[in-house]
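For reference, the structure discussed in these notes is given below.
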Amino acid sequence: MFEKLRQAMQQHEIQVLWVSNPANVRYLSNFSTPKDGKVLVTLEDAFLITDDRYLVQAKLESKIPVKMARFEAVLEFVHEIVRGRPLGFEADDTSYKQFDALRSLNAPLRPVENLVDNLRAVKTPLELTKIREAARLNDLALERVLPKIVPGAVERDIALEIEIEMRRAGADGCAFEITVASGERSAMPHGGASGKVIGDNELVTVDMGANYQGYLSDMTRTYATGNPNEELKNIHRIVAKAHQAALEKVRAGVKAFDVDFAARDVIAKAGYGEYFGHSVGHGVGLDIHEQPSVSYRNEDNKLEAGMVITIEPGIYLPEKGGVRIEDLVLVTENGFEFLSHAPRNSV
Ligand code: ZN
Ligand code: ZN
């Protein structure tokens with residue numbers, strides 16, 4: 001990965017790169033508390049910089065040399081390495097304070113975007129093993145908690161039960177705040193889980209993911225309690241059709257843009273276009289939303305074999321309810337492979 005990164009650095013006329021995005025720090029170093037670390041990459045070397053709280057952990061985990069330093073000592077070390085050479089920094093992940101410190105180094109500063117992130121889009125076999133496990137833990141937790149999603153249950157309790165089952169089965173935690181959104185609340189794509197009691201004849205959207213050794217999974221199912229009204233059943237059918245249409249497009253070489261449009265077309269033709277605002281999917285790995293973006297807004301992205309993406313169309317009707325169906329898939333040369341296996345239901 002460093003070879004590719006250094007090629008990208010040279011294309012951007014950067015000789016040293018200051019990496020502060022935690023997922024990127026973890027990717028390059030393997031350090032599992034990356035929010036307290038930085039990585040400095042030159043055309044010859046790479047260092048993990050952290051402080052003495054991580055003396056044992058960093059040396060144990062890091063696959064690149066570790067520099068223990070705090071505050072001014074960090075800057076001194078970076079100064080020594082940079083020696084006035086063009087220095088890249090991650091525009092989206094550099095605080096003003098950090099920027100100010102970098103500016104004091106007297107080196108040409110070059111903001112970069114997605115330099116390391118783009119490398120992360122295609123997964124290594126080891127990364128895939130971890131994502132598969134995160135997806136398996138997710139499926140298992142849902143299977144165990146599904147019988148409890150009934151009228152009278154509290155959304156927050158369901159979310160808690162899912163987290164407990166994931167952790168019990170070996171997850172390091174949730175990939176993100178679990179959503180259990182019932183009734184009108186299901187119209188909120190990322191509604192979280194509230195104190196609401198699940199009622200009769202409601203849609204219940206469950207969006208969940210597990211964290212396994214830093215790698216994440218992501219999946220959504222929308223269930224019904226009892227017999228919801230015709231409109232709600234209908235939007236579930238439409239979303240399922242849109243989901244299928246998008247999946248049929250997925251394979252190496254296609255534009256991510258076309259995958260999004262396949263789903264969007266189905267929903268628009270059914271008359272619900274304005275109720276599907278978000279993009280159809282995103283990459284998943286060390287971050288829950290990472291490259292590639294599978295969006296109609298992005299014309300440049302092409303899918304490649306080894307990318308892990310979600311396919312998640314939805315329809316959200318204010319004050320009525322909403323449906324999203326999301327699967328995690330691995331892009332292959334000829335199509336895709338499901339990483340999430342929880343049964344796709346109808347309502
Ligand atoms: Zn999700
Ligand atoms: Zn997602």
Side-chain angles (χ1 to χ4, degrees), residues 23 117 120-121 123 131-132 134-143 145-146 149 155 158-159 162-163 165-166 171 173-182 185-194 203-212 214-223 236 239-240 242-244 246-247 250 256 259-260 262-264 267 276-298 301 303 307-316 321-331 336-345:
D117 310 55
R120 282 171 34 211
K123 270 58 185 178
I131 296 170
R132 278 181 204 281
R136 190 188 70 84
L137 295 168
N138 190 74
D139 291 342
L140 188 73
L142 180 60
E143 189 186 319
V145 178
L146 193 52
I149 303 178
E155 290 177 357
I158 300 294
I162 291 171
E163 178 164 359
E165 292 297 346
M166 279 180 185
C174 299
F176 51 89
E177 246 353 271
I178 294 169
T179 283
V180 179
S182 62
R185 294 191 69 258
S186 61
M188 296 190 267
H190 293 280
S194 76
L203 293 180
V204 187
T205 296
V206 182
D207 188 353
M208 56 190 280
N211 175 334
Y212 180 72
Y215 283 84
L216 311 177
S217 58
D218 188 6
M219 185 188 76
T220 307
R221 294 286 180 267
T222 302
Y223 299 104
H236 197 285
V239 172
H243 183 252
Q244 190 57 38
L247 283 171
V250 174
V259 176
D260 183 294
R264 205 162 297 281
I267 292 173
F276 174 32
H278 58 77
S279 40
V280 85
H282 53 87
V284 176
L286 287 166
D287 272 330
I288 194 60
H289 294 123
E290 59 178 48
Q291 296 299 319
S293 146
V294 189
S295 171
Y296 63 95
R297 293 186 200 93
N298 195 330
N301 280 352
L303 297 184
M307 286 179 167
V308 171
I309 59 169
T310 66
I311 296 295
E312 51 177 310
I315 296 176
Y316 312 96
V323 172
R324 179 168 63 260
I325 301 171
E326 173 178 31
D327 275 294
L328 190 66
V329 304
L330 168 66
V331 180
F336 68 92
E337 180 195 328
F338 279 114
L339 299 178
S340 48
H341 295 284
R344 277 164 292 281
N345 59 298

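Basis for what follows: all heavy atoms, side chains included, without hydrogens, waters or symmetry-related copies. Whatever order the structure lists them in is the order used to number ligands and atoms, beginning at 1. Numbering starts at 1 and runs along the sequence shown.
- The aromatic ring centroids of His289 and Phe176 lie 6.0 Å or more from each other.
- Of the candidates Val294, Asp327, Leu330, Val280, Ile309 forms a side-chain contact (heavy atoms from CB on, under 4.5 Å) with just one, namely Val294.
- To the nearest 10 degrees, the Zn ion (ligand 1) sees OD1 of Asp207 and OE1 of Glu326 at an angle of 100°.
- A donor-acceptor contact closer than 3.5 angstrom links the side chains of Tyr316 and Arg324.
- When Ile131, Val308, Ile288 are each tested for a side-chain contact (heavy atoms from CB on, under 4.5 Å) with Leu216, only one passes: Ile288.
- Taking the Zn ion (ligand 1) as reference, the nearest N/O/S atom within Asp218 carries the name OD1.
- If you look at His282 and ask which of its N, O or S atoms sits nearest the Zn ion (ligand 2), the answer is NE2.
- Looking at Glu312, its N, O or S atom nearest to the Zn ion (ligand 2) turns out to be OE2.
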